[in-house]
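One structure is given below, encoded as structure tokens.
Sequential numbering from 1 along the given sequence is applied to the chain's residues. Keep in mind that what you see is a predicted model, and the values were worked out from it rather than measured.
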Amino acid sequence: MTDATKMSLDAVINDYAKQALRTITLAYKDIIPGECGQSHELPLQEEVKDIEKSGLTLICIFGIMDIVR
């Protein structure tokens with residue numbers, strides 16, 4: 001990701017935040033069997049798994065209203 005792309009995405013997210021919208025990102029990654037463990041769960045002790053940290057393709061960023069209950 002280039003710096004210009006990151007700045008553009010940050011601007012979208014900040015604009016949504018100013019409108020009090022919750023930001024949701026949709027991305028995917030093609031994986032191979034056994035990558036980062038049998039069930040893609042490694043490292044076990046970490047909340048964010050290694051398979052989730054890189055190689056994702058961004059599809060979209062959208063904002064939703066999250067009404068206070």
- Message: Quick check for you: to the nearest 0.5 Å, what is the distance between Thr25 atom OG1 and Leu9 atom CG?
- Response: 8.5 Å
- d(Ile24 CD1, Asp66 CG) to nearest 0.5 Å is 8.5 Å
- Message: Please check if the number of heavy atoms outside Asp3 that lie under 6.0 Å from its CG is greater than 12.
- Response: no
- Item | Within 6.0 angstrom of Gln45 CD, more than 12 heavy atoms from elsewhere | yes
- Spacing of CG belonging to Leu26 relative to CD1 belonging to Ile59, to within rounding of 0.5 Å: 4.0 Å
- Query: With a 4.0 Å cut-off, would you call Lys53 and Asp50 a salt bridge?
  - Reply: yes
- Note on the structure: Between Glu47 and Glu52 the two heavy atoms that sit nearest each other are O-OE1, 4.2 Å
- Task: To the nearest 0.5 Å, tell me how far Ile51 CD1 sits from Leu56 CG.
- Result: 9.0 Å
- Query: Within the distance-only criterion (no hydrogens, no angle test), does the side chain of Lys29 pair as donor or acceptor with the backbone N or O of Thr57 below 3.5 angstrom?
  - Reply: no
- Task: Nearest 0.5 Å please: distance from the NZ atom of Lys6 over to the CD1 atom of Ile13.
- Result: 8.0 Å
- Item | Ile61-Met1 co-clustered via ILVMFWY side chain contacts under 4.5 Å | yes
- Find out if a path of hydrophobic residues (ILVMFWY) with successive side-chain heavy-atom gaps under 4.5 Å connects Met65 to Val12. yes
